[in-house]
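Before any comments, here is the structure.
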Amino acid sequence: MLKDITLGQYFPGDTLVHRLDPRTKLVMTILYIVVLFLAKGPISYLAVFLFLAISIGVSRIRLKTILSGLKPILILILITAILNLLYNRGETVLLRFWRITITLEGVFTALTMALRIVMLIAGTLLLTYTTSPLQLTDGLEQLLNPLKKIHVPVHELSMMMSIALRFIPTLIEETDKIMNAQKARGAEFDTGNLIQKAKAMLPLLVPLFISAFRRADELATAMESRCYHGGEGRTKLKVLTMERRDWITLIVGLLMLALVIALRRLGL
Amino acid sequence: MAPLLEIRKLTHIYSQGTPFEHVALKDVDFVAEKGEFIGIIGHTGSGKSTFVQHLNALLKPTSGTVLLDGEAVFSSPQRIRQVRSRVGLVFQYPEYQLFEETVRADIAYGPKNMKLDKEEIEQRVLEAADFVGLDPELLDKSPFDLSGGQKRRAAIAGVIAMRPDILVLDEPTAGLDPRGREEIIANIRRYHARVNGTVIYITHSMEDIARFASRLAVFCEGRIVMDGVPGEIFRHVEELERIGLTVPGITKVMALLRARGLPVPEGIYTIHQAMDALLGLKGGGENA
(Lines give C-alpha, C1' and ligand atoms only; values in the text may rest on other atoms or scores of the structure.)
Protein backbone atom coordinates (compact mmCIF):
# COMPACT_ATOMS: atom_id res chain seq x y z
CA MET A 1 0.00 0.00 0.00
CA LEU A 2 2.60 2.57 1.02
CA LYS A 3 4.75 1.33 -1.81
CA ASP A 4 2.16 2.53 -4.30
CA ILE A 5 2.96 6.20 -3.73
CA THR A 6 4.09 7.37 -7.16
CA LEU A 7 5.12 10.93 -6.35
CA GLY A 8 8.65 11.47 -7.55
CA GLN A 9 9.16 7.91 -8.64
CA TYR A 10 11.64 7.11 -11.39
CA PHE A 11 10.67 4.71 -14.19
CA PRO A 12 13.83 3.45 -15.88
CA GLY A 13 13.85 3.52 -19.65
CA ASP A 14 16.00 4.16 -22.66
CA THR A 15 14.12 6.74 -24.69
CA LEU A 16 15.28 10.12 -25.99
CA VAL A 17 13.72 11.79 -22.94
CA HIS A 18 15.53 9.41 -20.58
CA ARG A 19 18.86 9.97 -22.30
CA LEU A 20 18.76 13.77 -22.23
CA ASP A 21 21.18 15.48 -19.89
CA PRO A 22 19.41 16.21 -16.58
CA ARG A 23 20.43 19.85 -16.93
CA THR A 24 18.59 20.02 -20.25
CA LYS A 25 15.53 18.47 -18.67
CA LEU A 26 15.62 20.86 -15.73
CA VAL A 27 15.96 23.90 -17.98
CA MET A 28 13.25 22.56 -20.28
CA THR A 29 10.93 22.06 -17.32
CA ILE A 30 11.50 25.64 -16.19
CA LEU A 31 10.96 26.89 -19.76
CA TYR A 32 7.84 24.77 -19.98
CA ILE A 33 6.42 26.27 -16.79
CA VAL A 34 7.19 29.82 -17.99
CA VAL A 35 5.57 29.10 -21.34
CA LEU A 36 2.56 27.56 -19.64
CA PHE A 37 1.99 30.70 -17.59
CA LEU A 38 2.57 33.00 -20.56
CA ALA A 39 -0.01 31.14 -22.65
CA LYS A 40 -3.23 33.08 -22.93
CA GLY A 41 -5.45 32.05 -25.81
CA PRO A 42 -6.66 28.62 -26.89
CA ILE A 43 -4.09 28.34 -29.69
CA SER A 44 -1.16 28.88 -27.31
CA TYR A 45 -2.63 26.30 -24.95
CA LEU A 46 -3.03 23.88 -27.81
CA ALA A 47 0.62 24.44 -28.78
CA VAL A 48 1.86 23.82 -25.21
CA PHE A 49 -0.43 20.83 -24.90
CA LEU A 50 0.92 19.34 -28.13
CA PHE A 51 4.45 19.84 -26.86
CA LEU A 52 3.60 18.01 -23.62
CA ALA A 53 1.78 15.21 -25.44
CA ILE A 54 4.72 14.65 -27.78
CA SER A 55 7.19 14.60 -24.88
CA ILE A 56 5.09 12.06 -22.98
CA GLY A 57 4.72 10.02 -26.17
CA VAL A 58 8.47 9.97 -26.78
CA SER A 59 9.20 9.04 -23.16
CA ARG A 60 6.91 5.99 -23.42
CA ILE A 61 5.55 6.73 -19.95
CA ARG A 62 2.07 5.31 -19.87
CA LEU A 63 -0.81 7.77 -19.71
CA LYS A 64 -2.23 5.75 -16.83
CA THR A 65 0.92 6.41 -14.79
CA ILE A 66 0.70 10.17 -15.41
CA LEU A 67 -3.00 10.19 -14.52
CA SER A 68 -2.42 8.28 -11.29
CA GLY A 69 0.27 10.85 -10.42
CA LEU A 70 -2.35 13.58 -10.89
CA LYS A 71 -4.81 11.95 -8.51
CA PRO A 72 -3.45 13.49 -5.28
CA ILE A 73 -4.03 17.04 -6.58
CA LEU A 74 -7.54 16.35 -7.93
CA ILE A 75 -9.12 18.21 -5.00
CA LEU A 76 -6.85 21.20 -5.51
CA ILE A 77 -7.86 21.35 -9.17
CA LEU A 78 -11.53 21.10 -8.33
CA ILE A 79 -11.38 23.85 -5.69
CA THR A 80 -9.49 26.16 -8.06
CA ALA A 81 -11.99 25.52 -10.83
CA ILE A 82 -15.02 26.07 -8.59
CA LEU A 83 -13.65 29.27 -7.03
CA ASN A 84 -12.88 30.68 -10.48
CA LEU A 85 -16.31 29.66 -11.68
CA LEU A 86 -18.07 31.46 -8.81
CA TYR A 87 -16.00 34.59 -8.41
CA ASN A 88 -15.29 35.57 -11.98
CA ARG A 89 -17.23 38.71 -12.90
CA GLY A 90 -17.90 38.44 -16.62
CA GLU A 91 -20.34 40.01 -19.05
CA THR A 92 -22.19 37.07 -20.51
CA VAL A 93 -24.38 35.61 -17.80
CA LEU A 94 -25.21 31.98 -18.28
CA LEU A 95 -26.99 31.16 -15.06
CA ARG A 96 -28.22 33.10 -12.06
CA PHE A 97 -29.78 31.65 -8.95
CA TRP A 98 -29.86 32.77 -5.31
CA ARG A 99 -26.66 34.86 -5.01
CA ILE A 100 -24.60 32.91 -7.49
CA THR A 101 -23.90 34.10 -10.99
CA ILE A 102 -22.12 31.97 -13.51
CA THR A 103 -20.71 33.70 -16.55
CA LEU A 104 -19.23 32.43 -19.78
CA GLU A 105 -15.93 34.10 -18.91
CA GLY A 106 -16.02 32.34 -15.52
CA VAL A 107 -16.45 28.95 -17.18
CA PHE A 108 -13.58 29.75 -19.52
CA THR A 109 -11.18 30.84 -16.75
CA ALA A 110 -12.14 27.88 -14.59
CA LEU A 111 -11.35 25.51 -17.42
CA THR A 112 -8.05 27.17 -18.32
CA MET A 113 -6.94 27.29 -14.68
CA ALA A 114 -7.72 23.59 -14.22
CA LEU A 115 -5.99 22.76 -17.47
CA ARG A 116 -2.99 24.85 -16.46
CA ILE A 117 -2.54 22.98 -13.15
CA VAL A 118 -3.00 19.60 -14.80
CA MET A 119 -0.42 20.42 -17.47
CA LEU A 120 1.96 21.90 -14.90
CA ILE A 121 1.93 18.77 -12.78
CA ALA A 122 1.99 16.42 -15.77
CA GLY A 123 5.07 18.21 -17.13
CA THR A 124 6.98 18.10 -13.87
CA LEU A 125 5.95 14.48 -13.31
CA LEU A 126 7.54 13.70 -16.65
CA LEU A 127 10.82 15.12 -15.31
CA THR A 128 10.85 12.94 -12.18
CA TYR A 129 9.53 9.88 -14.01
CA THR A 130 12.35 9.95 -16.57
CA THR A 131 15.24 11.20 -14.43
CA SER A 132 16.74 9.23 -11.56
CA PRO A 133 17.02 11.24 -8.32
CA LEU A 134 20.80 11.01 -8.53
CA GLN A 135 20.90 12.46 -12.03
CA LEU A 136 18.49 15.14 -10.95
CA THR A 137 20.57 16.36 -8.03
CA ASP A 138 23.72 16.06 -10.14
CA GLY A 139 22.15 18.27 -12.77
CA LEU A 140 20.92 20.72 -10.18
CA GLU A 141 24.35 20.94 -8.61
CA GLN A 142 25.93 21.70 -11.96
CA LEU A 143 23.32 24.31 -12.81
CA LEU A 144 23.73 26.06 -9.46
CA ASN A 145 27.52 25.86 -9.53
CA PRO A 146 27.99 29.58 -10.32
CA LEU A 147 26.37 30.38 -6.96
CA LYS A 148 29.47 29.01 -5.25
CA LYS A 149 31.09 32.35 -6.00
CA ILE A 150 28.76 34.00 -3.52
CA HIS A 151 29.45 31.24 -0.94
CA VAL A 152 26.29 29.22 -1.38
CA PRO A 153 27.16 25.66 -0.25
CA VAL A 154 25.89 24.15 -3.50
CA HIS A 155 27.60 20.80 -3.12
CA GLU A 156 26.45 20.28 0.46
CA LEU A 157 22.89 21.23 -0.43
CA SER A 158 22.78 18.83 -3.34
CA MET A 159 24.37 16.06 -1.26
CA MET A 160 21.72 16.55 1.40
CA MET A 161 19.05 16.49 -1.25
CA SER A 162 20.30 13.27 -2.81
CA ILE A 163 20.57 11.61 0.59
CA ALA A 164 17.03 12.71 1.46
CA LEU A 165 15.70 11.45 -1.86
CA ARG A 166 17.66 8.24 -1.53
CA PHE A 167 16.14 7.51 1.87
CA ILE A 168 12.50 8.16 1.05
CA PRO A 169 11.89 4.64 -0.30
CA THR A 170 13.97 3.14 2.51
CA LEU A 171 11.92 4.91 5.14
CA ILE A 172 8.67 3.98 3.43
CA GLU A 173 9.76 0.36 3.42
CA GLU A 174 10.77 0.63 7.06
CA THR A 175 7.42 2.18 7.98
CA ASP A 176 5.67 -0.65 6.20
CA LYS A 177 7.73 -3.21 8.07
CA ILE A 178 7.20 -1.69 11.51
CA MET A 179 3.49 -1.24 10.81
CA ASN A 180 3.22 -4.90 9.93
CA ALA A 181 5.17 -5.96 13.00
CA GLN A 182 2.89 -3.92 15.26
CA LYS A 183 -0.20 -5.09 13.42
CA ALA A 184 0.96 -8.63 14.10
CA ARG A 185 0.77 -7.68 17.78
CA GLY A 186 -2.78 -6.43 17.37
CA ALA A 187 -2.15 -2.74 16.62
CA GLU A 188 -4.86 -0.96 14.65
CA PHE A 189 -3.88 2.20 12.84
CA ASP A 190 -7.12 3.14 11.16
CA THR A 191 -9.83 2.74 13.77
CA GLY A 192 -11.01 4.88 16.67
CA ASN A 193 -11.26 8.63 17.13
CA LEU A 194 -8.52 11.17 16.50
CA ILE A 195 -6.86 10.80 19.93
CA GLN A 196 -6.89 7.00 19.71
CA LYS A 197 -5.40 7.19 16.22
CA ALA A 198 -2.66 9.54 17.41
CA LYS A 199 -1.88 7.20 20.30
CA ALA A 200 -1.79 4.24 17.94
CA MET A 201 0.95 6.00 15.96
CA LEU A 202 3.37 5.91 18.90
CA PRO A 203 4.43 2.27 18.42
CA LEU A 204 5.17 3.20 14.81
CA LEU A 205 6.91 6.55 15.30
CA VAL A 206 9.28 5.62 18.13
CA PRO A 207 10.94 2.72 16.25
CA LEU A 208 10.94 4.74 13.03
CA PHE A 209 12.76 7.68 14.61
CA ILE A 210 15.26 5.41 16.30
CA SER A 211 15.99 3.66 13.04
CA ALA A 212 16.29 6.95 11.14
CA PHE A 213 18.87 8.19 13.63
CA ARG A 214 20.73 4.90 13.51
CA ARG A 215 20.80 5.03 9.72
CA ALA A 216 22.01 8.63 9.70
CA ASP A 217 24.78 7.74 12.11
CA GLU A 218 25.82 4.68 10.10
CA LEU A 219 25.76 6.61 6.84
CA ALA A 220 27.90 9.41 8.27
CA THR A 221 30.45 6.87 9.52
CA ALA A 222 30.44 5.06 6.17
CA MET A 223 31.00 8.33 4.31
CA GLU A 224 33.79 9.44 6.61
CA SER A 225 35.55 6.10 6.43
CA ARG A 226 35.63 6.60 2.68
CA CYS A 227 37.25 9.99 3.21
CA TYR A 228 34.28 12.14 2.29
CA HIS A 229 35.15 15.71 3.15
CA GLY A 230 32.74 17.83 1.16
CA GLY A 231 32.78 18.90 -2.46
CA GLU A 232 36.31 20.32 -2.61
CA GLY A 233 38.30 18.51 -5.31
CA ARG A 234 35.70 15.78 -5.66
CA THR A 235 35.34 14.28 -9.12
CA LYS A 236 32.32 12.63 -10.68
CA LEU A 237 31.90 9.01 -11.72
CA LYS A 238 29.57 10.07 -14.48
CA VAL A 239 30.55 13.45 -15.90
CA LEU A 240 27.57 15.18 -17.44
CA THR A 241 28.10 16.13 -21.06
CA MET A 242 25.82 18.13 -23.33
CA GLU A 243 25.23 16.21 -26.56
CA ARG A 244 23.79 17.35 -29.86
CA ARG A 245 20.36 16.14 -28.78
CA ASP A 246 20.54 18.38 -25.70
CA TRP A 247 21.28 21.51 -27.73
CA ILE A 248 18.52 20.66 -30.21
CA THR A 249 16.06 20.15 -27.37
CA LEU A 250 17.01 23.46 -25.82
CA ILE A 251 16.58 25.23 -29.16
CA VAL A 252 13.13 23.66 -29.49
CA GLY A 253 12.37 24.96 -26.01
CA LEU A 254 13.46 28.49 -26.88
CA LEU A 255 11.43 28.39 -30.12
CA MET A 256 8.46 27.30 -28.03
CA LEU A 257 8.96 30.31 -25.76
CA ALA A 258 9.24 32.64 -28.77
CA LEU A 259 6.11 31.15 -30.34
CA VAL A 260 4.01 31.58 -27.21
CA ILE A 261 5.22 35.16 -26.71
CA ALA A 262 4.33 35.92 -30.33
CA LEU A 263 0.90 34.30 -29.94
CA ARG A 264 0.38 36.30 -26.75
CA ARG A 265 1.08 39.55 -28.64
CA LEU A 266 -1.45 38.52 -31.24
CA GLY A 267 -3.95 37.75 -28.47
CA LEU A 268 -4.32 34.11 -29.45
CA MET B 1 -11.80 -32.21 11.18
CA ALA B 2 -10.25 -29.34 9.29
CA PRO B 3 -6.49 -28.94 9.69
CA LEU B 4 -5.29 -26.14 11.97
CA LEU B 5 -3.94 -24.15 9.07
CA GLU B 6 -4.60 -24.78 5.43
CA ILE B 7 -3.45 -22.81 2.42
CA ARG B 8 -4.91 -23.47 -0.99
CA LYS B 9 -3.55 -22.25 -4.31
CA LEU B 10 -2.03 -19.13 -2.77
CA THR B 11 -0.70 -16.65 -5.33
CA HIS B 12 0.69 -13.22 -4.51
CA ILE B 13 1.72 -10.62 -7.07
CA TYR B 14 3.34 -7.38 -5.90
CA SER B 15 2.54 -4.09 -7.70
CA GLN B 16 0.23 -5.79 -10.15
CA GLY B 17 -0.24 -3.79 -13.33
CA THR B 18 2.87 -1.60 -12.96
CA PRO B 19 6.34 -1.98 -14.48
CA PHE B 20 7.45 -3.29 -11.07
CA GLU B 21 5.07 -6.26 -11.15
CA HIS B 22 6.57 -9.23 -9.39
CA VAL B 23 5.11 -12.68 -8.78
CA ALA B 24 6.22 -13.60 -5.24
CA LEU B 25 4.13 -16.73 -4.72
CA LYS B 26 2.54 -19.05 -7.23
CA ASP B 27 -0.09 -21.70 -6.46
CA VAL B 28 1.23 -22.61 -3.03
CA ASP B 29 -0.55 -25.40 -1.12
CA PHE B 30 0.37 -25.96 2.50
CA VAL B 31 -1.08 -27.59 5.61
CA ALA B 32 0.05 -27.29 9.22
CA GLU B 33 -1.28 -29.41 12.10
CA LYS B 34 -1.21 -28.85 15.84
CA GLY B 35 2.11 -29.68 17.47
CA GLU B 36 4.21 -29.63 14.33
CA PHE B 37 7.58 -27.90 14.18
CA ILE B 38 7.89 -26.88 10.56
CA GLY B 39 11.03 -25.46 9.04
CA ILE B 40 10.63 -23.28 5.97
CA ILE B 41 13.80 -22.97 3.96
CA GLY B 42 14.51 -21.06 0.82
CA HIS B 43 16.91 -18.68 -0.78
CA THR B 44 16.56 -14.89 -0.33
CA GLY B 45 13.65 -13.82 -2.50
CA SER B 46 12.14 -17.29 -2.73
CA GLY B 47 8.87 -15.98 -1.29
CA LYS B 48 9.09 -17.37 2.22
CA SER B 49 8.65 -14.04 3.99
CA THR B 50 5.75 -13.11 1.72
CA PHE B 51 4.24 -16.50 2.46
CA VAL B 52 4.23 -16.13 6.24
CA GLN B 53 2.68 -12.67 6.07
CA HIS B 54 -0.39 -14.34 4.60
CA LEU B 55 -0.72 -16.63 7.60
CA ASN B 56 -1.94 -13.85 9.90
CA ALA B 57 -3.79 -11.78 7.31
CA LEU B 58 -1.14 -9.07 6.94
CA LEU B 59 -1.08 -9.59 3.20
CA LYS B 60 -4.14 -10.29 1.13
CA PRO B 61 -3.68 -13.07 -1.41
CA THR B 62 -3.93 -12.05 -5.06
CA SER B 63 -5.74 -15.36 -5.40
CA GLY B 64 -6.20 -18.45 -3.28
CA THR B 65 -7.34 -18.91 0.32
CA VAL B 66 -5.86 -19.14 3.79
CA LEU B 67 -7.96 -21.12 6.29
CA LEU B 68 -7.45 -21.24 10.05
CA ASP B 69 -9.53 -24.04 11.60
CA GLY B 70 -11.29 -24.32 8.25
CA GLU B 71 -12.41 -20.69 8.31
CA ALA B 72 -11.09 -17.96 6.00
CA VAL B 73 -8.78 -15.46 7.74
CA PHE B 74 -10.11 -12.51 5.77
CA SER B 75 -13.86 -12.71 6.39
CA SER B 76 -14.29 -9.68 8.71
CA PRO B 77 -12.27 -7.16 10.77
CA GLN B 78 -13.14 -9.13 13.93
CA ARG B 79 -11.86 -12.30 12.33
CA ILE B 80 -8.63 -10.60 11.26
CA ARG B 81 -8.06 -9.38 14.83
CA GLN B 82 -8.68 -12.87 16.15
CA VAL B 83 -6.36 -14.43 13.57
CA ARG B 84 -3.52 -12.01 14.40
CA SER B 85 -3.54 -13.11 18.04
CA ARG B 86 -3.85 -16.79 17.15
CA VAL B 87 -1.04 -16.75 14.60
CA GLY B 88 1.86 -14.94 16.26
CA LEU B 89 4.34 -13.60 13.72
CA VAL B 90 7.86 -12.63 14.75
CA PHE B 91 9.48 -10.63 11.97
CA GLN B 92 13.14 -10.50 11.02
CA TYR B 93 15.12 -8.29 13.39
CA PRO B 94 12.09 -7.97 15.68
CA GLU B 95 14.05 -5.79 18.12
CA TYR B 96 13.46 -2.83 15.76
CA GLN B 97 9.80 -2.84 16.76
CA LEU B 98 10.44 -2.21 20.48
CA PHE B 99 9.05 1.16 21.55
CA GLU B 100 7.78 1.17 25.14
CA GLU B 101 9.49 2.68 28.15
CA THR B 102 10.00 -0.65 29.87
CA VAL B 103 10.46 -4.19 28.63
CA ARG B 104 7.42 -5.18 30.67
CA ALA B 105 5.19 -2.65 28.91
CA ASP B 106 6.53 -3.69 25.52
CA ILE B 107 5.80 -7.37 26.05
CA ALA B 108 2.35 -6.37 27.34
CA TYR B 109 1.54 -4.46 24.14
CA GLY B 110 0.10 -7.49 22.31
CA PRO B 111 -2.00 -8.82 25.22
CA LYS B 112 -3.22 -5.26 25.89
CA ASN B 113 -4.43 -5.01 22.31
CA MET B 114 -6.34 -8.24 22.96
CA LYS B 115 -8.19 -6.33 25.73
CA LEU B 116 -7.24 -8.76 28.49
CA ASP B 117 -7.48 -7.72 32.14
CA LYS B 118 -4.51 -6.54 34.14
CA GLU B 119 -3.68 -9.68 36.12
CA GLU B 120 -3.94 -11.83 33.01
CA ILE B 121 -1.57 -9.50 31.15
CA GLU B 122 0.95 -9.48 34.00
CA GLN B 123 0.86 -13.26 34.20
CA ARG B 124 1.40 -13.62 30.46
CA VAL B 125 4.30 -11.16 30.52
CA LEU B 126 6.09 -13.17 33.20
CA GLU B 127 5.37 -16.43 31.42
CA ALA B 128 6.60 -15.11 28.05
CA ALA B 129 9.73 -13.63 29.61
CA ASP B 130 10.42 -17.01 31.17
CA PHE B 131 9.95 -18.81 27.85
CA VAL B 132 12.56 -16.68 26.14
CA GLY B 133 14.90 -16.83 29.13
CA LEU B 134 14.67 -13.15 29.99
CA ASP B 135 15.68 -12.34 33.57
CA PRO B 136 12.68 -10.86 35.48
CA GLU B 137 15.03 -8.11 36.69
CA LEU B 138 15.29 -6.82 33.14
CA LEU B 139 11.55 -6.27 32.86
CA ASP B 140 11.68 -2.81 34.39
CA LYS B 141 14.57 -1.62 32.27
CA SER B 142 14.20 0.35 29.08
CA PRO B 143 14.30 -2.00 26.09
CA PHE B 144 16.94 0.27 24.57
CA ASP B 145 19.35 -0.48 27.41
CA LEU B 146 19.38 -4.20 26.67
CA SER B 147 22.03 -6.04 24.69
CA GLY B 148 21.27 -7.16 21.13
CA GLY B 149 20.41 -10.71 22.14
CA GLN B 150 18.24 -9.56 25.05
CA LYS B 151 16.37 -7.14 22.79
CA ARG B 152 15.67 -10.00 20.42
CA ARG B 153 14.30 -12.12 23.26
CA ALA B 154 12.12 -9.29 24.54
CA ALA B 155 10.65 -8.83 21.06
CA ILE B 156 9.94 -12.56 20.69
CA ALA B 157 8.36 -12.55 24.16
CA GLY B 158 6.04 -9.78 22.95
CA VAL B 159 4.55 -12.21 20.45
CA ILE B 160 4.58 -15.28 22.70
CA ALA B 161 2.65 -13.27 25.33
CA MET B 162 -0.37 -13.37 23.03
CA ARG B 163 -0.36 -17.18 23.49
CA PRO B 164 -0.70 -17.89 19.79
CA ASP B 165 -1.72 -21.33 18.53
CA ILE B 166 0.87 -20.99 15.81
CA LEU B 167 4.15 -19.21 16.40
CA VAL B 168 5.83 -18.08 13.20
CA LEU B 169 9.45 -16.91 13.40
CA ASP B 170 11.21 -15.29 10.44
CA GLU B 171 14.98 -15.83 10.78
CA PRO B 172 14.93 -15.40 14.58
CA THR B 173 18.69 -15.89 14.90
CA ALA B 174 19.84 -13.58 12.09
CA GLY B 175 22.73 -11.37 13.12
CA LEU B 176 23.34 -13.02 16.49
CA ASP B 177 26.60 -14.55 17.67
CA PRO B 178 26.78 -18.38 17.88
CA ARG B 179 26.01 -18.42 21.57
CA GLY B 180 23.02 -16.10 21.25
CA ARG B 181 21.82 -18.26 18.38
CA GLU B 182 22.04 -21.47 20.38
CA GLU B 183 20.20 -19.90 23.30
CA ILE B 184 17.33 -18.59 21.19
CA ILE B 185 16.97 -21.94 19.45
CA ALA B 186 16.99 -23.77 22.79
CA ASN B 187 14.31 -21.41 24.10
CA ILE B 188 12.10 -21.91 21.08
CA ARG B 189 12.44 -25.68 21.32
CA ARG B 190 11.59 -25.59 25.01
CA TYR B 191 8.59 -23.40 24.27
CA HIS B 192 7.43 -25.81 21.58
CA ALA B 193 7.77 -28.83 23.85
CA ARG B 194 5.96 -27.18 26.74
CA VAL B 195 2.94 -25.63 25.08
CA ASN B 196 2.64 -28.29 22.36
CA GLY B 197 1.83 -25.49 19.93
CA THR B 198 2.70 -25.27 16.27
CA VAL B 199 5.94 -23.56 15.34
CA ILE B 200 6.83 -22.41 11.85
CA TYR B 201 10.48 -21.45 11.62
CA ILE B 202 11.89 -19.69 8.57
CA THR B 203 15.59 -19.83 7.89
CA HIS B 204 18.09 -20.30 5.15
CA SER B 205 20.42 -22.20 7.41
CA MET B 206 19.87 -25.92 6.93
CA GLU B 207 22.34 -26.71 9.65
CA ASP B 208 20.11 -25.26 12.38
CA ILE B 209 16.74 -26.37 11.22
CA ALA B 210 17.73 -29.95 10.36
CA ARG B 211 18.29 -30.76 14.01
CA PHE B 212 14.86 -29.95 15.34
CA ALA B 213 12.15 -29.56 12.67
CA SER B 214 9.61 -32.35 12.38
CA ARG B 215 8.94 -31.30 8.81
CA LEU B 216 10.61 -29.12 6.20
CA ALA B 217 9.14 -27.12 3.32
CA VAL B 218 11.54 -25.86 0.69
CA PHE B 219 10.67 -22.68 -1.21
CA CYS B 220 12.10 -21.83 -4.59
CA GLU B 221 10.95 -19.01 -6.85
CA GLY B 222 7.58 -18.64 -5.16
CA ARG B 223 6.71 -22.34 -5.02
CA ILE B 224 7.07 -25.12 -2.49
CA VAL B 225 9.34 -27.55 -4.32
CA MET B 226 9.78 -30.07 -1.49
CA ASP B 227 7.74 -30.81 1.62
CA GLY B 228 8.44 -33.69 3.98
CA VAL B 229 10.38 -35.01 6.96
CA PRO B 230 14.06 -33.90 7.08
CA GLY B 231 15.35 -37.40 6.31
CA GLU B 232 13.36 -37.36 3.10
CA ILE B 233 14.35 -33.82 2.10
CA PHE B 234 18.07 -34.43 2.62
CA ARG B 235 18.06 -37.32 0.18
CA HIS B 236 17.99 -34.69 -2.54
CA VAL B 237 21.40 -33.14 -1.97
CA GLU B 238 22.01 -32.22 -5.60
CA GLU B 239 18.59 -30.71 -6.12
CA LEU B 240 18.92 -28.60 -2.95
CA GLU B 241 22.32 -27.37 -4.04
CA ARG B 242 21.01 -26.55 -7.47
CA ILE B 243 18.44 -24.13 -6.02
CA GLY B 244 21.20 -22.47 -4.04
CA LEU B 245 20.81 -24.01 -0.58
CA THR B 246 23.67 -25.49 1.37
CA VAL B 247 22.85 -28.84 2.94
CA PRO B 248 24.19 -29.62 6.44
CA GLY B 249 27.91 -30.36 6.44
CA ILE B 250 27.42 -33.94 7.58
CA THR B 251 24.89 -34.61 4.80
CA LYS B 252 27.45 -33.35 2.33
CA VAL B 253 30.17 -35.56 3.83
CA MET B 254 27.92 -38.61 3.59
CA ALA B 255 27.00 -37.79 0.00
CA LEU B 256 30.69 -37.53 -0.88
CA LEU B 257 31.45 -40.85 0.86
CA ARG B 258 28.66 -42.48 -1.09
CA ALA B 259 30.03 -41.03 -4.29
CA ARG B 260 33.36 -42.69 -3.39
CA GLY B 261 31.55 -46.02 -3.17
CA LEU B 262 30.93 -46.33 0.59
CA PRO B 263 27.42 -47.82 1.05
CA VAL B 264 26.08 -45.27 3.58
CA PRO B 265 22.33 -44.54 3.47
CA GLU B 266 20.91 -41.32 1.97
CA GLY B 267 19.17 -38.59 3.94
CA ILE B 268 21.52 -38.36 6.91
CA TYR B 269 21.55 -34.95 8.55
CA THR B 270 22.84 -35.29 12.11
CA ILE B 271 26.20 -36.33 13.49
CA HIS B 272 24.54 -39.14 15.46
CA GLN B 273 22.90 -40.64 12.39
CA ALA B 274 26.20 -40.47 10.57
CA MET B 275 28.00 -42.13 13.47
CA ASP B 276 25.45 -44.93 13.64
CA ALA B 277 25.67 -45.48 9.89
CA LEU B 278 29.47 -45.59 9.90
CA LEU B 279 29.66 -47.85 12.98
CA GLY B 280 27.08 -50.13 11.41
CA LEU B 281 29.26 -50.30 8.35
CA LYS B 282 32.31 -51.14 10.42
CA GLY B 283 30.38 -53.80 12.37
CA GLY B 284 29.13 -55.29 9.11
CA GLY B 285 32.72 -55.44 7.84
CA GLU B 286 33.93 -57.35 10.90
CA ASN B 287 31.12 -59.86 10.71
CA ALA B 288 31.92 -60.67 7.11
Side-chain angles (χ1 to χ4, degrees), chain A residues 1-6 9-15 18 59-69 129-130 169-192 196 199-215 218, chain B residues 14-20 22 49-50 52-53 55-60 77 80-101 105-116 142-144 151 155-162 164 167-170:
Chain A
M1 36 159 214
L2 281 171
K3 276 185 195 147
D4 295 337
I5 295 173
T6 55
Q9 196 171 25
Y10 169 56
F11 289 92
D14 192 28
T15 66
H18 283 88
S59 73
R60 298 240 181 95
I61 297 287
R62 282 195 286 182
L63 200 61
K64 209 177 121 195
T65 318
I66 302 261
L67 289 180
S68 70
Y129 282 163
T130 60
T170 313
L171 284 180
I172 289 177
E173 210 174 283
E174 189 101 7
T175 312
D176 230 13
K177 244 189 226 161
I178 297 169
M179 267 179 119
N180 275 338
Q182 306 299 24
K183 273 193 204 159
R185 297 206 282 164
E188 280 170 56
F189 294 106
D190 37 20
T191 52
Q196 280 169 327
K199 266 190 166 168
M201 293 305 274
L202 204 67
L204 172 63
L205 291 179
V206 173
L208 196 60
F209 266 96
I210 291 170
S211 111
F213 277 106
R214 195 186 60 240
R215 275 178 200 286
E218 280 169 4
Chain B
Y14 282 114
S15 310
Q16 198 170 18
T18 73
F20 302 104
H22 171 64
S49 293
T50 306
V52 292
Q53 287 185 47
L55 305 186
N56 70 344
L58 276 178
L59 282 179
K60 207 167 185 167
I80 291 177
R81 207 174 309 152
Q82 191 199 10
V83 165
R84 294 220 171 120
S85 62
R86 290 195 50 199
V87 182
L89 177 52
V90 180
F91 277 83
Q92 270 177 48
Y93 297 99
E95 58 272 29
Y96 293 159
Q97 79 200 19
L98 299 170
F99 70 98
E100 278 282 9
E101 281 172 50
D106 209 283
I107 299 176
Y109 180 66
K112 225 157 87 187
N113 283 327
M114 290 164 74
K115 313 241 161 20
L116 300 171
S142 158
F144 304 104
K151 275 188 200 168
I156 295 175
V159 174
I160 287 182
M162 298 195 298
L167 178 65
V168 186
L169 301 129
D170 193 348

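Side chains are part of it too, since the values below use all heavy atoms of this structure and drop only hydrogens, waters and symmetry mates. Since we're looking at a predicted model, the values are computed, not measured. Just so we're on the same page: letters track the sequence lines, and every chain starts at 1.
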Handout entry: Top contributor to chain A contacts, counting heavy-atom pairs under 4.5 Å, from B:Phe91, B:Phe144, B:Tyr96, B:Phe99
Key =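 Highest number of pairs under 4.5 Å: B:Phe99.
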
Practice task
Start with the C-alpha gap between A:Glu173 and A:Thr170, add the side-chain angles, then the distance that decides, and say whether side chain to side chain contact (heavy atoms under 4.5 Å, CB included) holds.
Solution key: CA-CA 5 Å; A:Glu173 210 174 283; A:Thr170 313; 5.7 Å; no

[X] versus chain A, heavy atoms under 4.5 Å apart: side chain, backbone, both or neither?
X: B:Met162; value: side chain
X: B:Leu98; value: backbone
X: B:Glu100; value: neither

Problem - B:Lys151 side chain reached by B:Asp106 side chain, heavy atoms, under 4.5 Å - result: no

Handout entry: Parallel, tilted or perpendicular, as decided by the 30° and 60° cut-offs, for the rings of A:Tyr129 and A:Phe11
Key = perpendicular

Handout entry: Residue pair A:Lys183, B:Leu58: steps toward the side chain to side chain contact (heavy atoms under 4.5 Å, CB included) verdict
Key = CA-CA 8 Å; A:Lys183 273 193 204 159; B:Leu58 276 178; 3.6 Å; yes

